[in-house]
> 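Handing you this structure, nothing more for now.
As the structure is a computational prediction, the values presented were derived from the model and not from experiment.
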Amino acid sequence: DLVIQYADEALEMSFNAQYLLDVLSVLDGDDVTMTMTEANQSVLVQDPTHADQTYVVMPMRVWSQAMHITRLSIERVRNIKMAALPCLQPFNVFYGKNGSGKTSVLEAIHLLATGRSFRTHLPRNYIQHEQNHALIFAQAGQDKIGIQKMTSGEQVIKVNGDSIATQGQLAKLLPLQLIEPQSTDI
């Protein structure tokens, strides 16, 4: 049995068991201190009798912790002047006539998650005619995420109102895999 004492609110975390066992195998004592602040942040592992030895273990994101978009707002992307989808579920079906904007909604989500379109590398091709920027905003879990793409190629990315420097930081919040008929072409 494991006796676990914690000093704050309980956190639910998932680890690769082998990584955790590797760290625990090099510790000498029976007690271990694990310091963590959030469920998706690194964990510091120490033997309290050897405070000079610190190990870091990264938690895994599992499906139950993966975020899904619950609200989506799209402005000036292709034929979508403004669209608000306020109550999205983990699984959604978009249907309609040809040219109604279904693929444009998917393109906007792809833009938000990756910073680029899966249809073109030129922003002026997906930003509405005679407009200088497109704007995509989403809520995923507790995070509010937005991207503004300019026809010049510049972009502004914000998470919870704070500017972030790289699209990679956003990709951690919105992992995305595009699957289309050409995905299997060699």
> Among all residues two or more places apart in sequence or in another chain, which pass the side-chain contact (heavy atoms from CB on, under 4.5 Å) test with Gln131?
Arg76, Ile127, Gln128
> When you group the ILVMFWY residues by side-chain heavy-atom contacts below 4.5 Å and let the links chain together, are Tyr126 and Phe94 in the same group?
yes
> What distance do Gln41 atom CD and Thr35 atom OG1 have between them, rounded to the nearest 0.5 Å?
13.5 Å
> Given 3.5 Å as the limit, does a donor-acceptor pair link the side chain of Thr151 with the main chain of Arg124, or not?
no
> Would you say Met150 and Leu135 are hydrophobically clustered, going by side-chain heavy atoms of ILVMFWY under 4.5 Å?
no
> Once you round to the nearest 0.5 Å, how far does NZ of Lys158 lie from CD1 of Ile164?
11.5 Å
> Find out whether Phe118 and Leu176 are in side-chain contact, i.e. whether some heavy atom of one side chain is under 4.5 Å from a heavy atom of the other.
no
> At their closest point, which heavy atom of Leu112 faces which heavy atom of Ala138, and how far apart are they?
CD2-CB, 3.4 Å
> For Val45 and Leu27, work out which heavy atoms get closest and say how close.
CG1-CD1, 4.0 Å
> With heavy-atom distances below 4.5 Å as the criterion, would you say the side chains of Val105 and Leu72 are in contact?
yes
> Check the hydrophobic clustering (I, L, V, M, F, W, Y; side-chain heavy atoms under 4.5 Å; chains of links allowed) and say if Ile80 and Ile69 are grouped together.
yes
> So with a 6.0 Å cut-off around CG of Asn98, is the heavy-atom count from everything else above 12?
no
> Are side-chain heavy atoms of Leu20 and Met34 found at a separation under 4.5 Å?
yes
> Would you say Asn160 has more than 12 foreign heavy atoms packed within less than 6.0 Å of its CG?
yes
> First locate atom CD of Gln139, then atom CD1 of Ile145, and finally report the distance between them rounded to the nearest 0.5 Å.
8.5 Å
> Can you name the nearest heavy-atom pair linking Pro123 to Gly153, along with the distance?
CG-CA, 4.0 Å
> Please report the closest heavy-atom contact between Ala113 and Leu174, naming both atoms and the distance.
CB-O, 3.5 Å
> Applying side-chain contact (heavy atoms from CB on, under 4.5 Å), can you list everything that pairs with Asn79, at least two apart in sequence or on another chain?
Ser104
> For the residue pair Thr54 and Gln46, what are the closest heavy atoms and their distance?
OG1-NE2, 2.8 Å
> Answer yes or no: is there a side-chain heavy-atom contact under 4.5 Å between Val32 and Tyr55?
no
> Can you tell me if Gln18 has over 12 outside heavy atoms packed within less than 6.0 Å of its CD?
yes
> Is the backbone N or O of Gly161 less than 3.5 Å from a side-chain atom of Lys144, with the two atoms forming a donor-acceptor pair by type?
no
> What I'd like to find out is whether the side chain of Ser100 reaches to under 4.5 Å of the side chain of Lys102, using heavy atoms alone.
yes
> Nearest 0.5 angstrom please: Ile74 CD1 to Ile109 CD1, how far?
6.5 Å
> For Arg78, which residues count as a salt bridge (charged side-chain N to carboxylate O under 4.0 Å, His left out) partner, sequence neighbours excluded?
Glu107
> CG/Leu111 to CZ/Arg116 distance, rounded to the nearest 0.5 angstrom?
10.0 Å
> Kindly work out whether a path of hydrophobic side-chain contacts (I/L/V/M/F/W/Y, heavy atoms less than 4.5 Å apart) joins Tyr19 to Met36.
no
> For the residue pair Val156 and Ile147, establish whether any side-chain heavy-atom pair is separated by less than 4.5 Å.
no
> Do any N or O atoms from the side chain of Asp47 and from the backbone of Thr49 form a donor-acceptor pair under 3.5 angstrom?
yes
> How close do Ala134 and Val77 get, heavy atom to heavy atom, and via which atoms?
CB-CG2, 3.8 Å
> Do Ser73 and Met82 touch side chain to side chain, with heavy atoms closer than 4.5 Å?
yes
> Would you say that Phe137 contacts Glu75 through its side chain, given a criterion of any heavy-atom pair below 4.5 Å between the two side chains?
no
